[in-house]
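Before any comments, here is the structure.
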Amino acid sequence: QVQLVESGGGLVQAGGSLRLSCAASGRTFSNFAMGWFRQAPGKERESVAAISWSGGRTYYADFVKGRFTMSRDTAKNRVYLQMNSLKPEDTAVYYCAGGSGWSRVKSGLCDYWGQGTQVTVSS
């Protein structure tokens, strides 16, 4: 079993930055691909970014390319999402998730999910 706990969300003005963190505990986190997902009120959950178990591959949704950067620190069992140039449409609950398959994680078919952290971007 893997437990994931997100932190770093909050309220920020448009154009600002936030850094989300996801702490993992339990099973071998280093073998898992990890992803960040978000869900806005009234909308379906969508994939934001993903990173392979080695960190050698990354994926970003078109709507965050050039603004968000995902990274992982295996020694600390953490993944991060640096979010710059935030827009009001980035407002959502952001979830950290992980699993054993790169393609599956990218598409949201993750084995483990965190509880989420709220990000609110004011205009």
Side-chain angles (χ1 to χ4, degrees):
Q1 196 74 351
V2 173
Q3 292 79 41
L4 302 174
V5 178
E6 304 94 337
S7 61
L11 173 65
V12 65
Q13 287 189 332
S17 298
L18 283 174
R19 188 193 194 204
L20 304 183
S21 177
C22 173
S25 61
R27 284 185 59 193
T28 310
F29 163 79
S30 61
N31 291 340
F32 291 162
M34 299 294 295
W36 285 98
F37 303 83
R38 71 186 188 185
Q39 187 166 21
K43 295 187 177 181
E44 293 189 353
R45 186 180 65 204
E46 57 187 358
S47 177
V48 175
I51 192 166
S52 63
W53 69 269
S54 68
R57 285 184 290 182
T58 53
Y59 157 81
Y60 296 98
D62 287 343
F63 52 80
V64 303
K65 280 181 181 177
R67 300 189 299 125
F68 292 9
T69 302
M70 184 173 184
S71 60
R72 71 186 299 161
D73 186 334
T74 302
K76 294 183 178 179
N77 280 358
R78 286 181 177 267
V79 292
Y80 305 96
L81 186 67
Q82 177 66 44
M83 306 187 294
N84 299 328
S85 302
L86 283 161
K87 305 175 181 179
E89 51 264 44
D90 293 319
T91 295
V93 177
Y94 283 71
Y95 298 91
C96 169
S100 57
W102 167 244
S103 295
R104 287 173 55 85
V105 168
K106 273 190 0 176
S107 60
L109 298 175
C110 300
D111 300 309
Y112 305 101
W113 290 85
Q115 294 297 311
T117 185
Q118 176 70 46
V119 171
T120 303
V121 185
S122 63
S123 57

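The first residue of the sequence shown is numbered 1, and numbering continues consecutively from there.
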Using 0.5 Å steps for rounding, measure from the [atom1] atom of [X] to the [atom2] atom of [Y].
X	Y	atom1	atom2	result
Ser30	Asp73	OG	CG	12.0 Å
Ser71	Met34	OG	CE	11.5 Å
Tyr94	Glu6	OH	CD	12.5 Å
Arg72	Thr58	CZ	OG1	12.0 Å
Gln39	Glu46	CD	CD	9.0 Å
Asp90	Arg38	CG	CZ	5.0 Å

Practice task
Just jot down the disulfide bond (SG atoms under 2.5 Å apart) partners of Cys110, sequence neighbours excluded, or say none.
Solution key: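 Partners of Cys110 under the disulfide bond (SG atoms under 2.5 Å apart) test: none.
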Practice task
State which residue, out of Val105, Asp111, Asn31, fulfils the side-chain contact (heavy atoms from CB on, under 4.5 Å) condition with Ser100.
Solution key: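 One option only clears the test, and that one is Asp111.
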Hydrophobic cluster membership, with links at side-chain heavy-atom distances under 4.5 Å among I/L/V/M/F/W/Y: are [X] and [Y] in one?
X	Y	value
Trp53	Leu81	no
Tyr80	Val48	no
Phe63	Leu18	yes

Handout entry: Side chain Ser47, main chain Lys106, donor-acceptor under 3.5 Å
Key =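 Indeed, once roles are kept as given, a pair shorter than 3.5 Å links the two residues.
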Practice task
Only counting residues at least two apart or in another chain, list the ones meeting salt bridge (charged side-chain N to carboxylate O under 4.0 Å, His left out) with Lys43.
Solution key: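 Not a single residue meets the salt bridge (charged side-chain N to carboxylate O under 4.0 Å, His left out) criterion with Lys43.
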Handout entry: Greater than 12 external heavy atoms within 6.0 Å of Gln115's CD
Key =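 Atom CD in Gln115 is not crowded, with 12 or fewer foreign heavy atoms closer than 6.0 Å.
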Which pair of non-hydrogen atoms, one from [X] and one from [Y], has the smallest distance, and what is that distance?
X	Y	value
Val79	Cys96	CG2-SG, 3.9 Å
Arg45	Gly108	NH2-O, 3.9 Å
Val2	Phe32	CG2-CE1, 3.3 Å
Ser17	Asn84	OG-OD1, 2.9 Å

Practice task
Indicate whether any N or O donor in one side chain lies under 3.5 Å from an N or O acceptor in the other, for Ser25 and Gln3.
Solution key: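 Per modelled atom types, Ser25 and Gln3 side chains form a pair under 3.5 Å.
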Exercise for the section: Taking atom types as modelled, find out whether Ser85 and Arg67 have a side-chain donor-acceptor pair closer than 3.5 angstrom. Expected result: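 Per modelled atom types, Ser85 and Arg67 side chains form no pair under 3.5 Å.
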Practice task
Report yes if the side chains of Phe68 and Trp36 come closer than 4.5 Å at any heavy-atom pair, otherwise no.
Solution key: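 Side chain of Phe68 against side chain of Trp36, heavy atoms only: no contact under 4.5 Å found.
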Exercise for the section: State, yes or no, whether a side-chain contact exists between Val121 and Lys87 at a heavy-atom distance under 4.5 Å. Expected result: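 Val121 does not reach Lys87 side chain to side chain.
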Exercise for the section: Scan for disulfide (SG to SG under 2.5 Å) pairs involving residues 36-74, sequence neighbours excluded, and state none if there are none. Expected result: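 Matches after skipping sequence neighbours: none remain.
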Handout entry: Other ILVMFWY residues reachable from Trp102 by side-chain steps of under 4.5 Å
Key =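 Tyr59, which link up through side-chain heavy atoms under 4.5 Å apart, make up the rest of the cluster.
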Practice task
Each residue besides Tyr95 in its hydrophobic cluster should be listed here, by chain and number; the cluster joins Ile, Leu, Val, Met, Phe, Trp and Tyr at side-chain heavy-atom distances under 4.5 Å.
Solution key: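 Result for Tyr95 is Phe37, Val93, Trp113.
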Practice task
Would you please name every residue forming a side-chain contact (heavy atoms from CB on, under 4.5 Å) with Thr120, sequence neighbours left out?
Solution key: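 Thr120 satisfies side-chain contact (heavy atoms from CB on, under 4.5 Å) with Leu11, Thr91, Gln118 only.
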